[in-house]
Amino acid sequence: QVQLVESGGGLAQAGGSLTLSCAASGRTFSTYAMGWFRQAPGKERDFVAAISRYGGSTYYADSVKGRFTIARDNAKNTVDLQMNSLKPEDTAVYYCAATQRGSSYDSYMYDYWGQGTQVTVSS
């Protein structure tokens, strides 16, 4: 089992940057593929990015490709989401998630979730 805690959310202006961080408990972090998802008010939870167990493969939603970067540090049990060129439509609660079933775009493949962190982008 793994516990996840996100941090780094907040308010940014359009065109600005934020970095989200997710800290995981336990000594088996490298056995989990990690993902970031987001949910805007009144909308479904959407895939943002994912990274494989050792960071060799990364995946992005088309809406963030070229602007967001996911990275992990297995020695520190962390996974970060660097968000650049932010847009108002990036406003959402961002969630970190973990799965032992391989990197996936599908939220149902993830077994463990953080509590979420709010990102608000003003125009």
Side-chain angles (χ1 to χ4, degrees):
Q1 191 169 357
V2 63
Q3 293 183 326
L4 305 173
V5 179
E6 302 98 335
S7 62
L11 178 65
Q13 291 188 333
S17 299
L18 282 173
T19 300
L20 306 183
S21 186
C22 175
S25 64
R27 294 177 289 180
T28 60
F29 182 66
S30 62
T31 68
Y32 292 90
M34 301 298 295
W36 284 96
F37 291 78
R38 66 186 182 186
Q39 188 168 19
K43 296 188 177 181
E44 294 184 350
R45 190 169 297 187
D46 291 332
F47 170 78
V48 174
I51 188 166
S52 59
R53 293 176 179 87
Y54 292 98
S57 298
T58 57
Y59 309 89
Y60 297 95
D62 288 343
S63 59
V64 307
K65 201 170 293 184
R67 300 188 297 122
F68 290 11
T69 303
I70 188 171
R72 67 188 296 160
D73 185 336
N74 286 349
K76 296 181 179 179
N77 284 14
T78 59
V79 57
D80 291 346
L81 185 69
Q82 173 67 43
M83 306 186 295
N84 297 327
S85 302
L86 284 163
K87 303 176 181 180
E89 50 264 44
D90 294 320
T91 295
V93 177
Y94 283 71
Y95 297 90
C96 172
T99 178
Q100 290 185 309
R101 289 179 275 185
S103 304
S104 176
Y105 301 90
D106 188 345
S107 62
Y108 292 101
M109 295 294 288
Y110 290 81
D111 301 304
Y112 303 101
W113 294 83
Q115 81 288 349
T117 186
Q118 176 71 46
V119 171
T120 303
V121 183
S122 63
S123 58

Do the non-hydrogen side-chain atoms of V5 and C22 ever get within less than 4.5 Å of each other? no
Considering non-hydrogen atoms only, spot the tightest contact between T28 and Y32 and give its length. O-CD1, 3.2 Å
Would you confirm whether N74, through its side chain, and R53, through its main-chain N or O, come within 3.5 Å as a donor-acceptor pair? yes
Any idea how Y94 and F68 line up, ring-wise: parallel (<30°), tilted (30 to 60°), or perpendicular (>60°)? tilted
Is there side-chain contact between T69 and L81, with heavy atoms separated by less than 4.5 Å? no
Can a side-chain donor-acceptor contact be found between S21 and D80 if the only test is distance below 3.5 angstrom? yes
Is the closest basic N to carboxylate O distance between K65 and D62 below 4.0 Å? yes
N/O donor-acceptor pair under 3.5 Å between E6 side chain and G116 backbone: yes
Are F37 and Y110 close enough that their ring centres sit under 6.0 Å apart? yes
Do you know which two heavy atoms are closest between V2 and S25, and how far apart they sit? CG2-O, 3.3 Å
Given the ring of Y95, does R45 sit roughly above its face, with NZ or CZ under 6.0 Å from the centre of the six-membered ring and within 45° of the axis? yes
Is the closest side-chain heavy-atom distance between W113 and L4 below 4.5 Å? no
If you take all heavy atoms of A14 and P88, which pair is closest and at what distance? CB-CD, 4.1 Å
State whether the number of non-hydrogen atoms from other residues, nucleotides or ligands found under 6.0 Å of Q3 atom CD is greater than 12. no
Taking the side chain as every heavy atom from C-beta outward, state whether V119 and M83 have any atom pair closer than 4.5 Å. yes
Is there a path from M34 to Y112 through hydrophobic residues (I, L, V, M, F, W, Y) whose side chains come within less than 4.5 Å of each other? yes
F47 versus W36: any side-chain heavy-atom pair under 4.5 Å? no
Which atoms form the tightest heavy-atom contact between A50 and S104, and what is the distance? CB-O, 4.1 Å
Using a 6.0 Å cut-off, check whether atom CD of Q13 has over 12 heavy atoms from anything other than its own residue. no
Decide whether D73 and T78 meet the rule of one side-chain donor and one side-chain acceptor closer than 3.5 Å. no
Option among T91, D90, D46 that satisfies the side chain to side chain donor-acceptor pair (under 3.5 Å) test with R38: D90
Please name the pair of heavy atoms, one in S103 and one in S52, separated by the smallest distance, quoted to 0.1 Å. OG-CA, 3.3 Å
Expected output: side-chain T117 to main-chain G9 donor-acceptor under 3.5 Å: yes
Can you see which heavy atom on Q100 is nearest to which on D111, and at what distance? N-OD2, 4.4 Å
Check whether F29 forms a cation-pi arrangement with R72 (NZ or CZ under 6.0 Å from the six-membered ring centre, at most 45° off the ring normal). yes
Can Q82 and N84 be counted as having a side-chain donor-acceptor contact under 3.5 angstrom? yes
Between Y60 (side chain only) and I70 (backbone N and O only), is there a donor and an acceptor less than 3.5 Å apart? yes
